[in-house]
Amino acid sequence: MEVDEGHQLRSPQPASLRLWRDDSKRLNRRLPPGPVRYSQKGMATTGNTNGAAGLDSKPGSRPATQQSSKPGAQEGFVYLPLIAGWLVPGAGHFLLRKWGRGALLAAAIVGMFSLGIAMQGRIYGGASDILDMLGLAGDLGNGLLYFVSRVLGLGADQVQVTTADYGSHFIVVAGLLNVIAAVDAHNIRTGRKS
Amino acid sequence: MFKPSHFAAVVLFALFASVVFGITQRETPKRMIRYGIYCFVLFTGSAVALSWIMFLIAR
């Protein structure tokens, strides 16, 4: 149990805390007469934001969830896996040394994008109406794949056959899946996911 | 030009989406595989079921 000085007293106050406070004031008079604030381990306070993971750890030491991760993954720019994963599918996981996951994600996303291009799917370049804006937002999720295919002129300008419509949706969904994968890499980087 | 059938497109879509969902939504490899298979079955199964429903409605 910890006592922080200079803050408001929380109410209602449990009887055990009230007794503890009275005892401490009686035994040593180091506490100021002003209001005090009690906090316990496990509460979401500064220095104890890891919840149950930090209960068994010694004061000043890192929690077990962070101790088990590799030290290289916890250094550097925190948003680098997110940005790298967006630009190149799977790169965020590669940066975090998740080779298998990164390879599978890259194969799935690049494969889906490539099949969309092979089906003569449309790559959205402008935002003339709301549906085009949504399609453009989805396509932009592909990162460098989108920009390279725009530069090379891949895909079709107009959807004329049924498979081209499938292809357009494959490209958009590949971009959305890439965003999910990039956010997953960011979650691994921040320790939210193992 | 690649011209898959509608069902082949559904299966390919379900395969790729299930891989990404399985990896990103679960933590352990075993649960990733199980969730990926679960998503794949749901994708393809719901597409087949909805196709039959629409077929029966259209008759």
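Values in this document were obtained by computation on a predicted structure and should not be read as measured data. Protein chains get the first letters and strands the later ones, always in sequence-line order, with residue 1 at the start of each.
In this structure, B:Glu27 CD and A:Ile188 CD1 are separated by 8.5 Å, a value rounded to the nearest 0.5 Å. In this structure, OG1 in B:Thr24 is found 7.0 Å from CG in A:Leu105, a value given to the nearest 0.5 Å.
Cluster annotation: A:Val161 and A:Ile117 are assigned to distinct hydrophobic clusters (Ile/Leu/Val/Met/Phe/Trp/Tyr, side-chain heavy-atom contacts under 4.5 Å, transitive). Note on B:Phe16 and B:Tyr35: same hydrophobic cluster, where clusters join Ile, Leu, Val, Met, Phe, Trp and Tyr whose side-chain heavy atoms are under 4.5 Å apart, directly or indirectly. A:Phe113 and A:Leu177 sit in two unconnected hydrophobic clusters of ILVMFWY residues. Membership requires side-chain heavy atoms under 4.5 Å apart, directly or through other members. Both A:Tyr146 and A:Leu152 belong to a common hydrophobic cluster when Ile, Leu, Val, Met, Phe, Trp and Tyr are linked at side-chain heavy-atom distances under 4.5 angstrom. If you chain together hydrophobic residues whose side chains sit under 4.5 Å apart, B:Phe55 and B:Val48 fall into the same group.
Residues B:Met1 and A:Met119 approach most closely at CE-O, 3.4 Å, considering heavy atoms. For the pair B:Val19 and A:Ala108, the tightest heavy-atom approach, listed with the atom from each and the gap, is CG1-CB, 4.0 Å. When all heavy atoms of A:Lys193 and B:Ile23 are compared, the closest pair comes out as NZ-O, 2.8 Å. Across all non-hydrogen atoms, the minimal contact from B:Phe21 to A:Ile180 is CE1-CD1, 4.0 Å. Minimum heavy-atom separation, A:Tyr166 to B:Pro4: CE1-O, 4.3 Å. Nearest heavy-atom pair, B:Phe13 versus A:Phe170, reported as atom, atom and distance to 0.1 Å: N-CZ, 3.8 Å.
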Trace of the side-chain contact (heavy atoms from CB on, under 4.5 Å) decision for B:Phe2 with A:Leu115: CA-CA 7 Å; B:Phe2 180 55; A:Leu115 284 178; 3.6 Å; yes
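For the set A:Asn187, A:Val173, A:Ile109, the count of heavy-atom pairs under 4.5 angstrom toward chain B peaks at A:Val173. With chain B as the partner, the residue from A:Leu104, A:Asn178, A:Leu176 showing the most heavy-atom pairs under 4.5 Å is A:Leu104.
Summarising the local packing, CG of A:Asp129 is surrounded by more than 12 heavy atoms from other residues, nucleotides or ligands at distances under 6.0 Å.
Not a single salt bridge (charged side-chain N to carboxylate O under 4.0 Å, His left out) links A:Asp165 to another residue, sequence neighbours left out.
With a threshold of 4.5 angstrom between heavy atoms, A:Val183 does not approach chain B through any atom at all.
No side-chain donor-acceptor contact under 3.5 Å links B:Lys3 to the backbone of A:Thr162.
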